[in-house]
Number of protein chains: 2
Amino acid sequence: MKIGLRHIRYFLVLADDLNFRRASEHLHISQPALTRTIQHLEAELKVLLFERSQNFVRLTDAGRAFQEGGRRVLNGMEATIDLTRRVSIGEAGALRVGYTDFAIAGALPELLKQFHQKHPGITVRPHHGVTATQLEELQDDKLDIGFITGPVRHPGFQSRVVQNDRPICIVPEGHHLAMRRSVTLADLAEEDFVHGPAEAWAHFYDYLFPLCRRAGFQPRIVQEAFNSVGILGLVSCGMGITILTESIYDFATGGLVPLPISDISEVMVTEAVWLSDNLRLPTQQFVDFLAQQDIG
Amino acid sequence: MKIGLRHIRYFLVLADDLNFRRASEHLHISQPALTRTIQHLEAELKVLLFERSQNFVRLTDAGRAFQEGGRRVLNGMEATIDLTRRVSIGEAGALRVGYTDFAIAGALPELLKQFHQKHPGITVRPHHGVTATQLEELQDDKLDIGFITGPVRHPGFQSRVVQNDRPICIVPEGHHLAMRRSVTLADLAEEDFVHGPAEAWAHFYDYLFPLCRRAGFQPRIVQEAFNSVGILGLVSCGMGITILTESIYDFATGGLVPLPISDISEVMVTEAVWLSDNLRLPTQQFVDFLAQQDIG
DNA sequence: GTTTTTGATGCATAATAGGTATCATGAAAA
DNA sequence: TTTTCATGATACCTATTATGCATCAAAAAC
């Protein structure tokens, strides 16, 4: 015979009442049934849980230990059932969200905050990652939603623009361009650039390089950093200049000068992307939520 | 129908194997039995836990939630059974120990340390209290063992001496007795005394007063503090002198002078006491442990 | 002394779980 | 294509387990 939740339920009521007859009434079963169940429980545990006589029933020390533990088990069971039901109807769950530096510096925080207000049961698990990584993770079902750079038009993916950034040029204080009110791309042809590694930042380069090519040059990348904070750090050290977005610049600590680029009208888009066949309820809810948002 | 631990056990194995036939083999039951148990579980939860087809079985989000919760419930059940068994054989449990200032300043710490080494499963819960309080708590089953001052010879109680203290006189620095190497009781007849309140310190007074009477005076208590630290504090402020033990003196911070009392040979005993009819295993174990100790 | 109340027990019944045989369906093999 | 194989689901019967009723033995209440 095995101990089941039934034994625990009966035991706990008896441990409260300390009277077989009353406990059996509370449980809506007969008194012999309760006696038997407790006997079986004690036999299976090979432990006496109650001292009984015709006058009194009281818990042994072991009984008190079992009482505490039993309560925890029953509460845990109830909580599990409740959570499972709520997950199934979308009231609870987890949403794995990937984000780039551009997204976290821009619209993402406010979006997640609003989503949390609307769906307080959904736990958002954010994972930082560049665009390429996120697209892989989406396909490997490591991510539900990715916030990535640049338009993605792959079969199987759906997306929605959530953010438009105007790129700006960022130079260190004291740089020969630092006194300018604005620059053109052509002004930057001879400059050293600091940026991220080519593979990881492919989507950003896809946006920037054509613009530079149109201006008649290819940016000379002389230093690579692993994220935009690192890039800004290298720029402020005077290793070169960079082109990023205004929101990223706002994250920097100082020693940097932002310059508008007058001859770029193209914006750099940040998109939310997800797999069309992602059927998870939290994902659906986030997609629906996104559809209701007005994005400038 | 009610959800039981059986459902969870079966569910967890299936969630690992994701194959009904293999899971049923691991569980040593037939495949139809497993199929129906899972069906019953899902019906009771009103939640789909697995997506099934002839090709694959996989967990739904709700299934994953139930998996986590179910694991916790099962672990909790196992832990509870284990703890209960250990409590019943005395490998685990709690021992409520009362102690006086004299005990905690003397032999108690070492005793508890040794007991813990011998019975690592027993959690010692110490409660500070004067002798009178502890005796009440023992009788109300609020305490298992009391460490109290002075011999107790009440019916129902058993005891064992654990500590003998020679009382010393403690005076503040600069006191007119502070230069003496030792004092006699008679030297103290005209002094102001600081001590604890009469009711709570009854047992201490029972020891001290007869000695003073023999020396021909009754100590004049001019200040009361609630514990020995407070008493020593008042003494160091010059409010009076006191008679305590050397171990208590060692707890003081300074500004005090200890003086042996040459004409007291009677020691002040600290005893462990317990009710004869306390049947709790941890208590028995502590009593047995005490019996094995050599007490000076 | 009688009645009432307590927990325990014997026995029959009801509810639940399990096993065997079998089906329907889709994938892989021939 | 047809055949074979593996999958999960279902039908039907059996074994196990839980329950209720009637009753007992012992102690307390009256």
Side-chain angles (χ1 to χ4, degrees), chain A residues 1-60 62-63 66-67 70 73-74 77 81 277, chain B residues 1-60 62-63 66-67 70 73-74 77 81 277:
Chain A
M1 208 235 1
K2 267 274 180 187
I3 298 174
L5 295 178
R6 191 180 57 91
H7 296 92
I8 302 182
R9 281 205 319 278
Y10 289 11
F11 167 85
L12 287 178
V13 172
L14 178 59
D16 271 352
D17 286 348
L18 294 177
N19 177 310
F20 278 77
R21 169 166 259 93
R22 268 199 302 280
S24 73
E25 284 166 11
H26 288 153
L27 288 162
H28 309 294
I29 58 169
S30 69
Q31 169 264 315
L34 177 59
T35 293
R36 280 316 201 1
T37 302
I38 299 298
Q39 284 173 337
H40 287 158
L41 175 58
E42 290 178 321
E44 183 66 17
L45 286 167
K46 294 189 265 295
V47 168
L48 197 74
L49 298 171
F50 294 98
E51 295 180 71
R52 323 114 139 98
S53 83
Q54 280 84 354
N55 311 324
F56 59 83
V57 174
R58 63 172 167 233
L59 281 169
T60 61
F66 193 76
Q67 187 184 26
V73 168
L74 241 55
M77 189 67 232
I81 292 174
D277 62 359
Chain B
M1 210 235 359
K2 268 276 183 186
I3 298 174
L5 295 178
R6 190 180 58 91
H7 296 93
I8 302 182
R9 280 205 321 277
Y10 290 11
F11 167 87
L12 287 178
V13 172
L14 178 58
D16 271 351
D17 286 348
L18 294 178
N19 178 310
F20 279 77
R21 198 180 44 80
R22 269 200 300 280
S24 73
E25 284 166 10
H26 288 153
L27 288 163
H28 308 294
I29 58 169
S30 68
Q31 169 262 313
L34 177 58
T35 292
R36 263 171 317 172
T37 301
I38 299 298
Q39 284 172 336
H40 288 160
L41 176 58
E42 291 178 320
E44 184 66 19
L45 286 168
K46 295 190 264 295
V47 168
L48 197 74
L49 298 171
F50 294 98
E51 294 179 73
R52 321 117 139 99
S53 83
Q54 281 84 354
N55 311 323
F56 59 84
V57 173
R58 62 172 168 234
L59 280 168
T60 61
F66 192 76
Q67 188 183 24
V73 168
L74 240 55
M77 188 68 232
I81 291 174
D277 61 359

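In what follows, chains carry the letters A, B, and so on, assigned in the order in which the sequence lines appear, proteins first and then strands, with residues in each chain numbered from 1.
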Residue-phosphate contact under 4.0 Å: [X] side-chain N/O, [N] OP1/OP2:
X     : N      : result
B:N19 : D:dG8  : yes
B:Q39 : D:dT10 : yes
A:T35 : D:dT19 : no
A:R52 : D:dA26 : no
A:N55 : D:dA28 : yes

Can you measure [X] atom [atom1] to [N] atom [atom2] for me and round it to whole angstrom units?
X     : N      : atom1 : atom2 : value
B:I3  : C:dT16 : CD1   : P     : 14 Å
B:L34 : D:dA9  : CG    : C1'   : 12 Å
A:L18 : C:dG7  : CG    : P     : 10 Å
A:F20 : C:dA8  : CZ    : C1'   : 9 Å
A:I29 : D:dT17 : CD1   : C1'   : 14 Å
B:F56 : D:dG8  : CZ    : P     : 11 Å
B:H40 : D:dA9  : NE2   : C1'   : 12 Å
B:E25 : C:dG18 : CD    : P     : 16 Å

Counting only pairs under 3.5 Å, give me each side-chain donor-acceptor contact of residues 1-9 of chain B, with atom names and distances, residues two or more places apart or in other chains.
unit_1	atom_1	unit_2	atom_2	d
B:R6	NH1	B:T37	OG1	3.2
B:H7	ND1	B:G4	N	2.9

Would you find a donor on one side and an acceptor on the other, under 3.5 Å apart, between the side chain of [X] and the backbone of [Y]?
X     : Y     : answer
B:E42 : B:L49 : yes
A:S24 : A:L34 : no
A:Q31 : A:F20 : no

Return the nearest nucleotide to the side chain of [X]; candidates are [options].
X     : options                : value
B:R22 : C:dA8, C:dG19, D:dT7   : D:dT7
A:P32 : D:dA9, C:dG18, D:dA22  : D:dA22
A:Y10 : D:dT19, C:dA17, C:dG19 : D:dT19
A:S30 : D:dG20, D:dA18, C:dA8  : D:dG20

Can you say whether the rings of B:F66 and B:F11 are parallel (under 30°), tilted (30 to 60°) or perpendicular (over 60°)?
perpendicular
Would you kindly check whether a donor in the side chain of A:R36 faces an acceptor in the base of C:dG7, or vice versa, at under 3.5 angstrom?
no
A:R21 near the nucleic acid: base, sugar-phosphate alone, or nothing, with a heavy-atom cut-off under 4.0 Å?
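Base, at least one base heavy atom under 4.0 Å.
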Could you pick out which residue, A:K2 or A:Q31, lies toward the 5' side of DNA chain D when each is mapped onto its nearest nucleotide?
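The residue closer to the strand's 5' end, by nearest nucleotide, is A:K2.
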